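Residue numbers start at 1 and run along the sequence shown. Owing to the predicted nature of the structure, the values given are computational and were not obtained by experimental measurement.
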Amino acid sequence: MLDVVIAGAGPNGLMLACELALAGARPLVVERLTEPPTEQRANGLVGQVVRMLDRRGLYERLTSPGATPEPAPGFVFGAFPLDLRDLPDHPLHTLMVPQHRIRRMLAERAAELGVEIRHGHEVTGLAPTETSVTVELRGRAPLEAAFLVGADGGHSTVRKLTGIGFPGVTADDSVSRAGQVSVPPDMAAADGGLAVPGFGVVPPFRHLRTAHGLITWGPFPDGAPLITTVEWGRPAEGEASLDDLRASVSRVLGVPGTHVPLGPPTGPGPHLMRRLSGGNTRIASRYRAGRVFLLGDAAHVHAAIGGPGLNMGLQDAVNLGWKLAAALRGHAPEGLLDTYESERSPVARRVAMHTQAQSLLTRPGGDVTALRELFGELLTRPATRQHLADLLSGADISYPMGPATGPLVGRWAPDLPGLRDLTRTGRPLLLDPTGTLDAGPWTAHVDTVTVRDLDTALLLRPDCYVAWQGTTGDGLYEALETWFKAA
């Protein structure tokens with residue numbers, strides 16, 4: 001019998017497979033598609049997950065050997081520019097790489113860890129029992145596993161087969177268009193923006209709201225530039241095409257089409273040309289049904305504005321991976337698997353809240369303009385920008401940790417000297433500045449490391465959240481008992 005079957009070989013499913021394998025479990029990834037997708041989707045990573053990849057030794061695989069994350073000097077919220085350079089505690093990191101490169105890197109890492117990925121395997125049914133799940137596949141022999149995880153996207157088959165509800169709201173009055181293009185050299189502004197005659201400069205990598213809609217210009221260095229528009233109250237007609245995108249850009253900017261000479265993309269494809277009508281904000285009513293779990297878009301969908309999707313989905317995987325592995329090895333205290341939903345579902349609700357708020361701020365109309373004027377005044381305050389940076393990055397997340405106390409307990413571990421090397425194994429860590437603490441009956445499950453330049457001892461879960469802190473051993477064993485079963 002397999003340990004875990006993961007339905008879906010996107011970044012979230014592959015990240016979970018890596019976390020499980022790192023912890024000694026045997027996952028199998030099955031994917032409906034016959035080969036990995038190459039189309040352009042997400043354009044990069046935003047938030048805490050950038051540092052999480054670094055703590056697993058994966059950041060430099062997407063950048064260059066020895067590279068480490070640096071906070072972004074600025075970002076956007078609801079088509080407002082956010083200057084973050086003056087923040088005393090700057091948590092927001094970005095990594096602008098296309099999703100297909102992230103997926104490929106995670107697939108390579110999974111293969112290194114011995115994970116098998118089977119393409120062309122479509123889940124069609126499941127039969128759970130108290131001890132296992134039988135996964136039925138189209139035209140293939142069924143699989144039996146201790147657990148099944150649906151990482152199969154917003155239209156998740158696994159979620160539908162379990163009967164888990166997907167309540168939320170659908171907005172059907174908008175049309176978004178996105179396409180990779182080419183532009184004449186004389187339209188390239190000095191800052192990387194798009195200089196449009198009769199309008200001015202569309203800044204790079206920012207949502208720009210106009211009186212007619214929303215536009216984004218992304219001059220990615222390793223691919224064709226990407227331009228995106230959103231319009232409201234104008235139904236789409238015909239097929240998605242370059243002409244359709246060019247007309248939308250002209251309408252949003254309020255200039256004749258001849259002023260926006262978008263051409264077909266150059267370089268190797270495939271290239272993106274997409275049009276979507278409306279959008280959904282939905283969160284699964286449950287993240288778990290017995291031995292079946294939901295992950296990433298299968299558990300939550302929301303507007304893409306601000307790019308929080310991969311940040312949340314990959315963090316779901318890091319949260320769930322060590323807990324499933326502990327259950328498989330018999331090291332999970334009672335109720336550990338239930339903490340996946342209790343910890344991650346509130347995060348999804350928070351992301352849904354701020355993406356809905358951002359979407360509202362980008363709509364046209366005088367009432368929204370008035371709201372934006374007030375909101376712009378608030379953004380002059382460093383405390384407001386700090387709040388938004390924490391919100392967008394996920395740095396404001398704090399999990400309930402039971403009886404353990406201290407300002408860091410329940411929060412993600414701060415960047416400490418040497419931490420990125422210590423966390424590559426994915427094992428729990430007891431960081432001890434005194435050299436006197438030990439994990440007692442939990443020693444086999446927890447690595448104790450003497451770190452002299454800390455002010456306080458820290459117990460870190462494998463997902464890098466602080467489960468205990470103190471200057472003596474008071475409360476340490478209680479925290480260990482909460483999260484790890486003694487050997």
Pair [X] + [Y]: basic N to acidic O under 4.0 Å:
X	Y	result
R291	E144	no
R55	D415	yes
D243	R246	yes
R61	E112	yes

Hey, could you give me the [atom1]/[atom2] distance between [X] and [Y], rounded to the nearest 0.5 Å?
X	Y	atom1	atom2	result
D244	T229	CG	OG1	8.0 Å
S398	L408	OG	CG	9.5 Å
L320	F147	CG	CZ	9.0 Å
L430	L459	CG	CG	6.0 Å
L392	H387	CG	NE2	9.5 Å
Q358	L388	CD	CG	8.5 Å

Polar side-chain atom of [X] near backbone of [Y] as donor-acceptor pair, under 3.5 Å:
X	Y	value
R26	M1	yes
D297	G153	no
H445	K485	yes
N311	V49	yes
H207	G78	no
H271	P268	yes
Q386	D89	yes
W483	P333	no
E60	G66	yes
T162	R159	yes

Open item on the list: Can you tell me how the ring of Y287 sits relative to the ring of H300, calling it parallel under 30°, perpendicular over 60° and tilted otherwise?
Closed with: tilted
TODO: Begin from the C-alpha positions of V135 and V158 and carry the test side-chain contact (heavy atoms from CB on, under 4.5 Å) through to its verdict.
DONE: CA-CA 10 Å; V135 183; V158 171; over 6 Å; no
Closest non-hydrogen atom pair between [X] and [Y], with its separation:
X	Y	answer
R350	L391	NE-CD1, 3.4 Å
W468	A479	CB-CB, 3.6 Å
L214	A79	CD1-CB, 4.0 Å
S285	I164	OG-CG2, 3.7 Å
G120	R140	O-NE, 3.1 Å
S174	V230	CB-CG1, 4.2 Å

Is [Y] close to [X] at the side-chain level, that is, under 4.5 Å between some pair of heavy atoms?
X	Y	value
T443	T448	no
L148	V292	yes
L62	L58	no
Y59	H93	no
R420	R424	yes
P27	L16	no
V4	V149	yes
F220	P98	no

Open item on the list: Run R177 and E231 through salt bridge (Lys or Arg N to Asp or Glu O under 4.0 Å) and show every step you take.
Closed with: CA-CA 9 Å; R177 296 171 173 86; E231 296 180 86; 3.1 Å; yes
Task: I397/Q315 under side-chain contact (heavy atoms from CB on, under 4.5 Å): CA gap, chis, key distance, verdict - done: CA-CA 11 Å; I397 297 168; Q315 291 283 55; over 6 Å; no
Task: Worked check of salt bridge (Lys or Arg N to Asp or Glu O under 4.0 Å) between E341 and K323 - done: CA-CA 12 Å; E341 178 178 339; K323 296 173 182 178; over 6 Å; no
TODO: Only one of T362, V252, V76, I215 passes side-chain contact (heavy atoms from CB on, under 4.5 Å) with L208; say which it is.
DONE: I215
Open item on the list: List the residues meeting side chain to side chain contact (heavy atoms under 4.5 Å, CB included) with A486, not counting sequence neighbours, and say none if there are none.
Closed with: P441, W442
TODO: Check the pair L431 / L422 against side-chain contact (heavy atoms from CB on, under 4.5 Å), numbers first and verdict last.
DONE: CA-CA 10 Å; L431 305 180; L422 295 173; 4.0 Å; yes
Is the count of non-hydrogen atoms from other residues, nucleotides or ligands lying under 6.0 Å from [X] atom [atom1] greater than 12?
X	atom1	result
H155	NE2	no
E239	CD	no
R32	CZ	no
R138	CZ	no
R234	CZ	no

Task: Partner of R344 by side chain to side chain donor-acceptor pair (under 3.5 Å), out of N319, T339, D316 - done: D316
TODO: Please report the C-alpha distance between R363 and S359 in whole Å, then the side-chain angles of each, then the deciding distance to 0.1 Å, and finally whether the side-chain hydrogen bond (donor to acceptor under 3.5 Å, both in side chains) criterion is met.
DONE: CA-CA 7 Å; R363 295 176 69 98; S359 297; over 6 Å; no
TODO: May I ask you to check if R288 and Y340 form a cation-pi contact, with NZ or CZ under 6.0 angstrom from the six-membered ring centre and within 45° of the axis?
DONE: no
Open item on the list: Applying side-chain contact (heavy atoms from CB on, under 4.5 Å) to L28 and R118, what does each step give before you reach the verdict?
Closed with: CA-CA 8 Å; L28 170 67; R118 298 180 185 175; 3.6 Å; yes
- [ ] Kindly indicate, with the supporting measurements, whether the criterion side-chain hydrogen bond (donor to acceptor under 3.5 Å, both in side chains) is fulfilled by S176 and R274.
- [x] CA-CA 8 Å; S176 64; R274 182 177 64 206; over 6 Å; no
